[in-house]
A.B. asks: 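Quick one: the structure is below, questions incoming.
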Amino acid sequence: MDATILHADLDAFYASVEQLLAPALRGKPIAVGGGVVLAASYEAKAFGVQSGMSGRNARQLCPQLIFVSGHFNEYQRLGDEAIQIVSDYTPLVERISIDEAFADVAGCTHLFGPPAEIARTIRRRVRTELGLPISVGVARTKHLAKIASQVAKPDGLVVVDPVSELDFLHDLPVGLMWGVGPVTQARLAEVEVRTIGQLAQMPGQSLERLLGSAAGEKLAALSWNRDPREIKTQRRARSAGAQAALGLEPAEQRIYRPALRHLADRIGTRLRARSLSGRTVSIRVRFANLRAVTRSVTFDTPIATTIVLAEIAEGLVRAVLAQYPRERKISLLAIQVSHLAKDESVQLDLPLGSSVMRGAADRAVDTIRERFGRESIGYGSVVLNSRGSVPDAFRELAEQELP
DNA sequence: TCTGGGGTCCTAGGACCC
DNA sequence: TCTGGGGTCCTAGGACCC
């Protein structure tokens with residue numbers, strides 16, 4: 001089998017877009033965001049600045065760091081255009097996020113040349129047409145292609161020849177593997193496993209004892225480059241959620257009620273726009289000490305109505321707070337809706353009643369927003385504009401396309 | 001290094017059914 | 001009164017990814 005899987009990944013995407021838009025920022029350490037670093041340029045990463053980090057910490061690591069507020073619409077547009085360039089060569093494209101996609105070019109090499117040639121063309125076009133650096137990995141499997149693009153960064157191309165796959169793979173650190181994060185890495189380090197080759201040498205049983213059966217089995221297979229995953233052009237959303245960091249607020253109804261309504265509103269709008277609804281509603285409450293508790297309920301009938309979602313969530317939050325009476329402050333609230341299903345005939349067979357009225361009210365709000373914008377009507381963002389909050393535009397970028 | 005917001009998948013225990 | 005085994009679903013928590 002040939003190496004026909006490409007993994008294309010825009011480098012330090014948000015930061016690169018900012019440097020593209022403002023040439024004065026090129027070559028300088030910059031961070032998108034303010035209170036929180038949403039993205040960092042390579043120059044900033046060299047100082048240890050990472051996304052997710054608080055702005056204060058980032059500034060400590062890199063005093064000359066330049067903060068810029070994001071051009072979120074540009075991220076969406078340029079991300080779409082980059083993926084479009086990949087799609088010019090094959091319909092088998094699996095978009096992973098705004099700035100990253102897999103592609104299988106097996107069926108189009110007769111038109112465009114060998115995979116490595118296609119990868120070079122994509123990189124050249126993204127550079128000349130969009131002005132952005134993109135790294136590409138080419139290999140026989142998705143996992144290896146993804147690792148290859150990481151190794152290729154920044155602004156590089158790595159092609160893994162099928163005859164030397166294991167030579168390439170086995171010297172690399174385990175942290176490059178899909179599914180190995182800080183916890184797994186630490187557990188492996190305890191048994192002196194640091195490279196993928198060392199992982200491959202571990203007996204399957206001890207690996208499964210260390211990491212659990214699913215993870216152990218998966219990593220064992222990946223370490224020998226056995227990756228059964230195929231390119232999925234369509235993926236089905238399994239949940240939709242929203243969360244808000246509150247800074248630190250009293251655990252009182254006047255705080256959590258409007259916050260939950262706002263979150264329920266965000267989720268409800270997205271679900272209804274796709275005719276989706278979900279049977280399970282989960283909430284998450286994080287206390288002052290960052291300990292988080294989740295509660296969920298599952299119903300026979302699916303839900304997508306804002307006010308129903310909000311009321312269920314509020315009930316769950318109240319139950320949590322009653323269970324932890326000593327926790328007087330909360331730092332985060334979240335709602336998730338899962339067990340999603342497409343609504344075929346939403347209200348048709350429901351008896352007339354309050355839920356129908358509520359659904360109608362939601363659709364009216366949805367319509368008004370389509371016409372006049374999201375801010376024109378709805379639940380105020382009362383508590384949500386406090387310290388830790390992030391622009392709505394950024395949230396929208398993070399949302400997965402619901403099918 | 002105490003950190004935002006969007007997700008996916010896995011595990012372990014318990015309820016319940018056959 | 002004590003006892004099996006398999007399967008499915010739900011819940012709570014956690015690891016991981018971008």
Side-chain angles (χ1 to χ4, degrees), chain A residues 7 9-10 12-14 31-39 48-58 60-61 70 72 75 79 95-101 143 146 149-150 175-187 208 211-219 229 232 235-248 263 266-267 270 279-300 316 319-320 323 331-340 384 386-402:
Chain A
H7 181 258
D9 196 349
L10 289 151
F13 179 48
Y14 297 173
V32 179
V36 178
V37 175
L38 302 176
V49 177
Q50 293 172 357
S51 59
M53 190 176 267
S54 75
R56 200 160 44 92
N57 283 332
Q60 268 168 9
L61 289 169
F72 298 96
Y75 305 160
R95 189 169 185 176
I96 300 297
S97 67
I98 189 164
D99 58 357
E100 194 182 333
H143 182 241
K146 165 107 176 146
S149 74
Q150 286 179 263
L176 282 181
M177 296 181 81
W178 179 274
V180 177
V183 175
T184 303
Q185 210 169 333
R187 273 184 209 159
E208 289 184 29
L211 306 176
S213 64
E217 225 169 285
K218 198 178 74 179
L219 290 189
R229 294 176 303 165
K232 288 199 191 105
R235 24 178 48 187
R236 184 164 249 87
R238 311 188 68 88
S239 68
Q243 66 179 53
L246 302 175
L248 213 49
L263 296 174
R266 291 190 57 84
I267 302 167
R270 293 166 56 202
R279 288 171 48 230
T280 301
V281 179
S282 312
I283 59 95
R284 183 177 175 79
V285 178
R286 196 179 68 187
F287 298 117
N289 59 9
L290 295 189
R291 196 174 112 76
V293 177
T294 63
R295 290 290 178 274
S296 66
V297 266
T298 300
F299 303 95
D300 291 336
L316 291 169
V320 166
Q323 204 179 335
S331 61
L332 175 138
L333 287 170
I335 306 178
Q336 290 280 329
V337 179
S338 53
H339 277 124
L340 297 186
L384 299 182
S386 55
R387 186 182 59 85
S389 184
V390 138
D392 265 7
F394 176 75
R395 295 165 173 267
E396 282 164 27
L397 283 190
E399 288 168 9
Q400 305 261 330
E401 200 71 15
L402 296 172

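Lettering follows sequence order; numbering is per chain, from 1.
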A.B. asks: Would you kindly give the CE-to-C1' distance between A:Met177 and C:dC16, to the nearest whole Å?
C.D. replies: 14 Å
A.B. asks: Side chain of A:Arg295 only, please: which of B:dG4, C:dG13, B:dT8 is the nearest?
C.D. replies: C:dG13
A.B. asks: Counting only side-chain nitrogens and oxygens, does A:Arg286 get under 4.0 Å of the OP1 or OP2 atom of B:dG4?
C.D. replies: yes
A.B. asks: Atom NZ of A:Lys146 to atom P of C:dC17: distance rounded to whole Å?
C.D. replies: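 The distance from NZ of A:Lys146 to P of C:dC17 comes to 9 Å, rounded to the nearest Å.
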A.B. asks: With the side chain of A:Ser97 defined as its heavy atoms from C-beta on, choose the nearest nucleotide among B:dG5, B:dT3, C:dC18.
C.D. replies: C:dC18
A.B. asks: Nearest to the A:Ser239 side chain among C:dT11, B:dT1, B:dT8, which nucleotide is it?
C.D. replies: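 Comparing C:dT11, B:dT1, B:dT8 against the side chain of A:Ser239, the answer is B:dT8.
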A.B. asks: Starting at the 5' end of DNA chain B and moving along, which residue's nearest nucleotide shows up first, A:Ser51 or A:Gly241?
C.D. replies: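 The residue mapped nearer the 5' terminus is A:Ser51.
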A.B. asks: Which whole number of Å gives the distance between the P atom of B:dT3 and that of C:dC18?
C.D. replies: 22 Å
A.B. asks: Apply side chain to side chain contact (heavy atoms under 4.5 Å, CB included) to residues A:Ile283 and A:Thr294 and explain how you reach the verdict.
C.D. replies: CA-CA 6 Å; A:Ile283 59 95; A:Thr294 63; over 6 Å; no
A.B. asks: When all nucleic acid strands are considered with a 4.0 Å heavy-atom cut-off, which category describes A:Gly33: base, sugar-phosphate, or nothing?
C.D. replies: nothing
A.B. asks: Starting at CD1 of A:Ile283 and ending at C1' of C:dG13, how long is that distance when rounded to a whole Å?
C.D. replies: 13 Å
A.B. asks: Distance from A:Glu100 atom CD to A:Leu10 atom CG, nearest 0.5 Å?
C.D. replies: 9.0 Å
A.B. asks: So A:Gly52, base contact, sugar-phosphate only, or nothing? Heavy-atom distance under 4.0 Å.
C.D. replies: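 Base contact.
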A.B. asks: C:dA12, C:dC16, B:dT11: which one has an atom nearest the side-chain heavy atoms of A:Pro182?
C.D. replies: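 Of the candidates, C:dC16 comes closest.
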A.B. asks: From CD of A:Gln185 over to P of C:dA15, roughly how many Å is that when rounded to an integer?
C.D. replies: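 Atom-to-atom, A:Gln185 to C:dA15, this comes out as 14 Å.
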A.B. asks: Side chain of A:Gln243 only, heavy atoms from C-beta on: which candidate in C:dA12, C:dC18, B:dG6 is closest?
C.D. replies: B:dG6
A.B. asks: From the options B:dT8, B:dT3, C:dT11, select the nucleotide whose nearest atom is closest to the side chain of A:Asn57.
C.D. replies: B:dT3
A.B. asks: Please check the phosphate of C:dC10 (OP1 and OP2 only) for any side-chain N or O of A:Thr280 closer than 4.0 Å.
C.D. replies: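 No, outside the criterion.
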A.B. asks: Using a heavy-atom cut-off of under 4.0 Å over every strand shown, decide if A:Thr184 touches base, sugar-phosphate, or nothing.
C.D. replies: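 A:Thr184: backbone/sugar contact only, no base atoms under 4.0 Å.
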A.B. asks: Would you mind telling me which residue lines up with the more 5' stretch of DNA chain B, A:Gln336 or A:Leu211, judged by nearest nucleotide?
C.D. replies: A:Gln336
A.B. asks: Just checking A:Ala242: base, sugar-phosphate only, or nothing, at a heavy-atom cut-off of under 4.0 Å?
C.D. replies: sugar-phosphate
A.B. asks: Take the protein atom CG of A:Leu290 and the nucleotide atom C1' of B:dT1, then report the distance between them rounded to whole Å.
C.D. replies: 11 Å
A.B. asks: Verify the distance criterion only: is there a donor paired with an acceptor across the side chains of A:Gln323 and A:Arg295 at less than 3.5 Å?
C.D. replies: yes
A.B. asks: What is the distance, to the nearest angstrom, from the CG atom on A:Asp300 to the P atom on C:dC9?
C.D. replies: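 In whole Å, C:dC9 P and A:Asp300 CG are 13 Å from each other.
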A.B. asks: How is A:Val37 classified with respect to the nucleic acid when contacts are heavy atoms under 4.0 Å: base, sugar-phosphate, or nothing?
C.D. replies: nothing
A.B. asks: For the side chain of A:Ala245, starting at C-beta, report the closest nucleotide among C:dC18, B:dG4, B:dT11.
C.D. replies: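 Comparing C:dC18, B:dG4, B:dT11 against the side chain of A:Ala245, the answer is B:dG4.
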A.B. asks: Closest to the A:Ala214 side chain: B:dC10, C:dA15, C:dT11?
C.D. replies: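 In terms of side-chain proximity for A:Ala214, the closest of B:dC10, C:dA15, C:dT11 is B:dC10.
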A.B. asks: Could you give me the CA-CA distance, side-chain angles and deciding distance for A:Val32 and A:Val37, then say whether side chain to side chain contact (heavy atoms under 4.5 Å, CB included) is met?
C.D. replies: CA-CA 6 Å; A:Val32 179; A:Val37 175; over 6 Å; no
A.B. asks: Working note: A:Arg286 + A:Ser331, criterion side-chain hydrogen bond (donor to acceptor under 3.5 Å, both in side chains); need CA distance, chi angles, decisive distance, verdict.
C.D. replies: CA-CA 5 Å; A:Arg286 196 179 68 187; A:Ser331 61; 2.8 Å; yes
A.B. asks: Nearest-Å distance, CG (A:Leu38) to P (B:dT3)?
C.D. replies: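 Result: 14 Å.
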A.B. asks: Which is true for A:Arg279 with a 4.0 Å heavy-atom rule: it touches a base, it touches only sugar-phosphate, or it touches nothing?
C.D. replies: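 The answer is sugar-phosphate, as A:Arg279 gets under 4.0 Å only of primed atoms, P, OP1 or OP2.
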A.B. asks: Between C:dC18, C:dA12, C:dC16, which nucleotide gets closest to the side-chain atoms of A:Thr294?
C.D. replies: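 Shortest atom-to-atom distance from the side chain points to C:dA12.
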A.B. asks: Counting only Watson-Crick or G-U wobble pairs whose two distances fall under 3.5 Å, which nucleotide matches C:dT11?
C.D. replies: B:dA12
A.B. asks: State which of C:dC16, C:dA12, B:dG5 makes the closest approach to the side chain of A:Ser296.
C.D. replies: C:dA12
A.B. asks: Between A:His339 and C:dC9, does any side-chain N or O lie under 4.0 Å from OP1 or OP2?
C.D. replies: no
A.B. asks: What is the base-pairing partner of C:dC18, counting Watson-Crick and G-U wobble geometry with both distances under 3.5 Å?
C.D. replies: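 B:dG5 - that is the nucleotide pairing with C:dC18, both distances being under 3.5 Å.
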A.B. asks: Determine the interplanar angle of the A:Tyr14 and A:Tyr75 rings, folded into 0 to 90°, and report it as parallel if under 30°, tilted if 30 to 60°, perpendicular if over 60°.
C.D. replies: parallel
A.B. asks: Considering just the side-chain nitrogens and oxygens of A:Thr298, establish if one lies under 4.0 Å of OP1 or OP2 belonging to C:dT11.
C.D. replies: yes
A.B. asks: Got a second to check how far A:Ser338's OG is from A:Arg279's CZ, nearest 0.5 Å?
C.D. replies: 9.0 Å
A.B. asks: If I take atom CD in residue A:Gln60 and atom P in nucleotide B:dT1, what distance separates them, rounded to the nearest angstrom?
C.D. replies: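 After rounding, the gap between these two atoms is 9 Å.
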